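Before any comments, here is the structure.
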Protein chains: 2
Amino acid sequence: MTKNDEFPLQQFLPYLLNQAAEESSLEFQQVYKNRYGMLRTEWRVLFHLGIYGRMTAKEIGERSKMHKTKISRAVQRLAERRFLTRDQDEKDRRLEHLELTTAGQAAYRDLRGVAERYDVKLSATLTPEENRVLRQALVKLARMSPDA
Amino acid sequence: MTKNDEFPLQQFLPYLLNQAAEESSLEFQQVYKNRYGMLRTEWRVLFHLGIYGRMTAKEIGERSKMHKTKISRAVQRLAERRFLTRDQDEKDRRLEHLELTTAGQAAYRDLRGVAERYDVKLSATLTPEENRVLRQALVKLARMSPDA
DNA sequence: AGTTAATGGTTGATTTTGTAACTAACAACA
DNA sequence: TGTTGTTAGTTACAAAATCAACCATTAACT
């Protein structure tokens, strides 16, 4: 009783996207986890600060679409480990400007290198067309602006 | 001090894939969560049984790449809610054959309809080329066989 | 048969996430 | 000034995922 023609689960986009996302994240995850004890939210915050420089938790939330509690906890852990500093805004004391420490910048540069090489490796499994169209389609699905 | 040219985070495949996966899963998640109180692992198990019929937890794990503890707990919850039955194999008493109940089949058919319509909706935001190439590339990245 | 290894599946402890309620600060406006 | 509403960020508690250790059973090998 093999009735495998009922629904193409492997073609269902949310399923397919999750499978591909999980699988393609594994190797990079090993690195930021083993090398710096970071979680996914933490490398994301780290990268935002590394790329865009000094910014507030709110701004990170707007760019990354992560929930503010995730960001709050990631910032806490990164601050404990001295990867970033928190600096209260003088005019609006609700705001905290976050900035990478030297150690944070070093970790960022290191992981950025890993990410760059890993992305090249992943891209190599796809044709040029697949690479181009894939990224384009993903951006649409994530409803993100292509640059940002 | 805006130094946003350092690393194209939005082009980093694991990041992009996760963003797209999360975003594109939200709407479907609302349905299986609100309508049946299911978790992601649970609808996945339900679908596997709905599509392929009677099978064991191990077989589900091989197809879905979910960890066995996730599957074990999903099966428990689905069994409690009478969406599936567990039937011990006579020859190898370690094995349990799982099968959807009538209620489980009804839930599967309902959710499958939702999934089909949702997939059409998602596809509609992409061009035909994007749809074709996207799925093709995702299958490669997920290291899955296209049909299954 | 008896011992050891491997397998299918479960459980418990810990970590991580999600949700909602919360605090402190600011804004708007009477 | 006082009241009400927002906003940035935190915290508390429940829900869920992770990881390793664990049974029970079967397989493999002597």
Side-chain angles (χ1 to χ4, degrees), chain A residues 18-19 21-23 25-26 29-30 32-34 36-46 48-49 54-81 84-99, chain B residues 18-19 21-23 25-30 32-34 36-46 48-49 54-81 84-99:
Chain A
N18 272 293
Q19 296 282 126
E22 275 167 41
E23 181 68 30
S25 297
L26 272 181
Q29 184 179 31
Q30 290 311 311
Y32 64 70
K33 189 177 163 191
N34 295 338
Y36 297 101
M38 286 188 193
L39 305 173
R40 198 167 53 183
T41 48
E42 290 163 31
W43 80 258
R44 285 187 181 184
V45 166
L46 186 87
H48 278 267
L49 293 171
R54 179 184 171 90
M55 62 198 302
T56 66
K58 169 162 207 251
E59 288 166 334
I60 294 175
E62 283 162 1
R63 285 200 191 263
S64 69
K65 300 208 166 105
M66 286 192 285
H67 192 81
K68 60 183 182 172
T69 63
K70 269 192 189 173
I71 297 171
S72 173
R73 290 197 260 243
V75 167
Q76 262 177 261
R77 294 190 37 149
L78 290 171
E80 280 165 18
R81 292 151 192 244
L84 61 78
T85 56
R86 333 169 69 143
D87 175 28
Q88 204 174 46
D89 187 290
E90 279 307 313
K91 306 214 159 160
D92 186 342
R93 291 201 306 287
R94 289 172 305 183
L95 298 177
E96 258 188 350
H97 299 284
L98 308 169
E99 200 162 14
Chain B
N18 273 293
Q19 297 279 126
E22 277 166 38
E23 181 68 29
S25 297
L26 274 180
E27 210 173 307
F28 184 57
Q29 182 180 32
Q30 289 312 310
Y32 63 69
K33 188 177 162 191
N34 294 338
Y36 297 100
M38 286 188 193
L39 306 174
R40 199 168 50 182
T41 47
E42 289 162 32
W43 81 257
R44 285 188 183 185
V45 167
L46 185 87
H48 277 267
L49 294 171
R54 178 183 171 90
M55 63 197 302
T56 67
K58 168 162 208 254
E59 290 166 333
I60 294 175
E62 283 162 1
R63 285 200 192 264
S64 69
K65 302 206 165 106
M66 286 193 284
H67 190 81
K68 59 182 183 174
T69 62
K70 267 191 193 175
I71 295 171
S72 172
R73 286 178 163 123
V75 167
Q76 263 178 259
R77 294 190 38 151
L78 290 170
E80 280 166 18
R81 290 151 193 246
L84 60 78
T85 55
R86 334 169 68 144
D87 175 27
Q88 204 175 43
D89 187 290
E90 279 307 313
K91 305 214 159 161
D92 184 341
R93 292 201 306 285
R94 289 172 304 183
L95 297 177
E96 258 188 351
H97 298 284
L98 308 170
E99 199 161 16

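By convention in this document, chain letters (A, B, ...) are assigned in the order of the sequence lines, proteins followed by strands, and residues within each chain are numbered from 1. Please read all numbers here as calculations on a predicted model, not as lab measurements.
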Between C/dT17 atom C1' and A/K65 atom NZ, what is the distance in whole Å? 20 Å

Once you round it to whole Å, what is the distance between C1' of D/dA17 and CG of A/L26? 15 Å

When you match A/K70 and A/D89 each to their closest nucleotide on DNA chain C, which lands nearer the 5' end? A/K70

What pairs with A/Q76 under side-chain hydrogen bond (donor to acceptor under 3.5 Å, both in side chains), at least two apart in sequence or on another chain? none

Residues that A/H97 engages under side-chain hydrogen bond (donor to acceptor under 3.5 Å, both in side chains), provided they are two or more places apart: A/D89

Heavy-atom nearest nucleotide on DNA chain D taken for B/E90 and for B/L39; more 5' hit belongs to B/L39

Those residues at least two apart in sequence (or on a different chain) that pass side-chain hydrogen bond (donor to acceptor under 3.5 Å, both in side chains) with A/R40 are B/N18

For B/K58, salt bridge (charged side-chain N to carboxylate O under 4.0 Å, His left out) partners two or more places apart: B/E62

Rounded off to whole Å, could you give me the NZ-to-P distance for the B/K91 and D/dA24 pair? 25 Å

When the distance from CD of A/E42 to P of C/dT16 is rounded to whole Å, what number comes out? 8 Å

Distances for protein N/O vs nucleotides 8-13 of chain C N/O pairs under 3.5 angstrom?
from, atom 1, to, atom 2, distance (Å)
C/dG8, OP1, B/K58, NZ, 3.0
C/dG9, OP1, B/E96, N, 3.2
C/dG9, OP2, B/K58, N, 2.6
C/dG9, N7, B/K68, NZ, 2.9
C/dG9, O6, B/K68, NZ, 2.8
C/dT10, OP1, B/R86, NH2, 2.4
C/dT10, OP2, B/S72, OG, 2.8
C/dT10, O5', B/S72, OG, 3.4
C/dT11, OP2, B/Q76, OE1, 3.4
C/dG12, N7, B/R73, NH2, 3.0
C/dG12, O6, B/R73, NH1, 2.9
C/dG12, O6, B/R73, NH2, 2.9

Set of side-chain hydrogen bond (donor to acceptor under 3.5 Å, both in side chains) partners for A/R94, sequence neighbours left out: A/D92

Provide the closest heavy-atom pair for B/L98 versus B/T56 in the form atom of the first, atom of the second, distance. CD1-C, 4.3 Å

Apply the side-chain contact (heavy atoms from CB on, under 4.5 Å) test between A/T41 and each candidate in A/R73, A/R77, A/K70, A/H67; give the one that qualifies. A/K70

Only counting residues at least two apart or in another chain, list the ones meeting salt bridge (charged side-chain N to carboxylate O under 4.0 Å, His left out) with B/R81. none

Residues at least two apart in sequence or cross-chain that pass ring pair (Phe, Tyr, Trp, His ring centres under 6.0 Å) with B/Y36, listed by chain then number, are none

In this structure, how many angstroms lie between the C1' atom of D/dT10 and the CZ atom of A/R93, rounded? 17 Å

Please tell me which of B/K33 and A/R77 maps to the more 5' nucleotide of DNA chain C, matching each residue to the nucleotide holding its nearest heavy atom. A/R77

Bend angle of the helix from C/dA1-D/dT30 to C/dA30-D/dT1, end axes from five pairs each (to 10°): 10°

Integer-rounded Å distance: D/dC19 C1' and A/Q30 CD: 13 Å

Could you state the CD-C1' distance from A/Q88 to C/dA25, rounded to the nearest angstrom? 9 Å

